[in-house]
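Here is the structure we will look at.
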Amino acid sequence: MKGIIAGLALGASTLVTVAPAQAAPISPVESVKKQLSPGHGVRISMTSRSFTDGKPNVVTRVTGSMAFGRSGVVASDLSVRYTSGKGTKKSDKDLIASLHSSRTIVIGEQAYVRGGLHSEYLPEGKKWLRSPARHAADHYPLIDIFDAELLKKLVAGAKQVNGDYRGTITIRDLAKSRGQKVDDRVAKVKVGYLLDTDSKGLVSRTVSEYTLNYGVLGSSRNHMETRFTGWGAKVKIKAPPESQWIDAKDLADAPQDPANNPIDLLGQNR
């Protein structure tokens, strides 16, 4: 009997020592890096909501595709539209109504925009306006997961729960990833973020939110959610035919588009 008990105890001890260790989470940095293959890309769907003194204002929706190169995104095709949030003041609704939907194709250093505020200024026969690609960043997600250094910083500075990463980062650090500068008065404002990842470690969703306080003038809050689907799908993005576009420098008296992203509104240098 003693031999049987000893044998059972030994067996139990063996089972404890050989139990497999829990697998370490897959790094989003490495997972995204592996997706960066020419001819492939990802689809994005972004919703950005702004609130003034707690009341909803403009809602911006962006949908489309991004194409990859070896080092990151080399082209994108994104459509943008604006709507008013419930409870928006009539004066604000009129402003939002004046913001035309648009489609922007970015290839390398050039951006081609169809629609938007400039559409009525185009000469007959032209459908697109070409301008420097840096202007198109206005409608990109605030959290740029394709910047390897930024993504590494976000992961390292976050608390991780079940493959999701939650943390805070300053507006200054986010602007750095775009090579931009922001006004010193808002540079230290903290942006709360969430990175959701799937079983392969790929980012499936990002959420960012921050609030700007203007003292007696009130406050504004921005909430942005971006979903990523179809990782690795074949993506081919072409520029419009040259006969259909005109260069921005050749378009006189064109207005500046006020519908910029949060970083732009904070005073970065273009």
Side-chain angles (χ1 to χ4, degrees), residues 42-66 73 76-89 92-106 111 113 115-117 133-147 150-151 154 166-175 177-178 180 182-183 186 189-196 203-214 218-229 256-268 270:
V42 68
R43 288 193 59 80
I44 76 165
S45 176
M46 183 184 82
T47 301
S48 177
R49 292 181 169 85
S50 64
F51 301 80
T52 302
D53 293 333
K55 297 179 181 179
N57 193 359
V58 61
V59 179
T60 305
R61 290 185 172 86
V62 180
T63 57
S65 300
M66 291 183 166
V73 175
S76 61
D77 185 349
L78 303 176
S79 295
V80 184
R81 62 189 179 92
Y82 310 94
T83 56
S84 302
K86 292 181 179 179
T88 303
K89 296 178 181 178
D92 291 335
K93 283 186 177 181
D94 292 340
L95 173 61
I96 295 168
S98 70
L99 303 177
H100 302 283
S101 298
S102 63
R103 178 186 174 192
T104 301
I105 294 175
V106 174
V113 181
L117 289 178
R134 66 180 182 274
H135 293 180
D138 294 343
H139 303 304
Y140 280 11
L142 184 60
I143 303 295
D144 183 5
I145 65 170
F146 302 105
D147 182 324
L150 175 61
L151 184 56
L154 293 171
R166 188 184 298 273
T168 60
I169 190 171
T170 64
I171 286 177
R172 174 183 285 144
D173 286 338
L174 288 176
S177 75
R178 298 170 183 246
Q180 299 170 340
V182 294
D183 191 298
V186 297
V189 171
K190 292 185 177 181
V191 178
Y193 66 86
L194 170 68
L195 307 177
D196 283 343
V203 179
S204 57
R205 183 176 72 119
T206 64
V207 179
S208 63
E209 183 171 302
Y210 68 88
T211 299
L212 296 177
N213 292 308
Y214 303 107
S219 65
S220 65
R221 178 168 64 92
N222 182 276
H223 179 95
M224 182 181 291
E225 179 177 346
T226 306
R227 295 183 181 273
F228 300 87
T229 58
Q256 293 296 314
D257 188 349
N260 298 316
N261 75 3
I263 282 185
D264 189 62
L265 292 176
L266 298 178
Q268 101 280 6
R270 289 195 161 206

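The heavy-atom pair separating Ala133 from Val106 by the smallest distance is CB-CG1, 3.8 Å. Nearest heavy atom pair, residue Ile145 against residue Val203, reads CD1-CB, 3.9 Å. Of all heavy-atom pairs between Thr168 and Tyr193, the closest is N-CE2, 3.3 Å. Between Val191 and Leu142 the shortest heavy-atom distance is CG1-CD2, 4.3 Å. The shortest non-hydrogen separation linking Asn213 to Ser219 is OD1-CB, 3.3 Å. In plain terms, the two heavy atoms of Ser102 and Gly115 that are nearest each other are CB-C, 4.0 Å.
From Ser208, atom OG reaches atom NE2 of His223 across 7.5 Å, with rounding to the nearest 0.5 Å. Atom OG of Ser101 sits about 8.0 Å away from atom OH of Tyr82, to the nearest 0.5 Å. Within the model, atoms CD of Glu225 and CG of Leu194 stand 9.0 Å from one another, a figure rounded to the nearest 0.5 Å. A distance of 10.5 Å separates OG1 of Thr63 from CZ of Arg103, quoted to the nearest 0.5 Å.
A 4.5 Å side-chain heavy-atom check between Ile169 and Leu154 finds at least one atom pair inside the cut-off. The side-chain heavy atoms of Arg205 and Val207, taken from C-beta on, include a pair separated by under 4.5 Å.
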**Study point:** Test log, rule side chain to side chain contact (heavy atoms under 4.5 Å, CB included), inputs Leu195 and Ile143
**Key:** CA-CA 9 Å; Leu195 307 177; Ile143 303 295; 4.2 Å; yes

Exercise for review: I would like to know whether Arg49 and Thr47 meet side chain to side chain contact (heavy atoms under 4.5 Å, CB included); could you show each step before the answer?
Suggested key: CA-CA 7 Å; Arg49 292 181 169 85; Thr47 301; 3.3 Å; yes

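Legend: residues meeting side chain to side chain contact (heavy atoms under 4.5 Å, CB included) with Thr226, ordered by chain and number and at least two apart, are Ile44, Met46, Pro141, Thr206, Met224, Phe228. Residues meeting the side-chain hydrogen bond (donor to acceptor under 3.5 Å, both in side chains) test with Arg221, sequence neighbours left out: Glu209.
Applying the 6.0 Å contact sphere to CZ of Arg81 captures no more than 12 heavy atoms from other residues, nucleotides or ligands.
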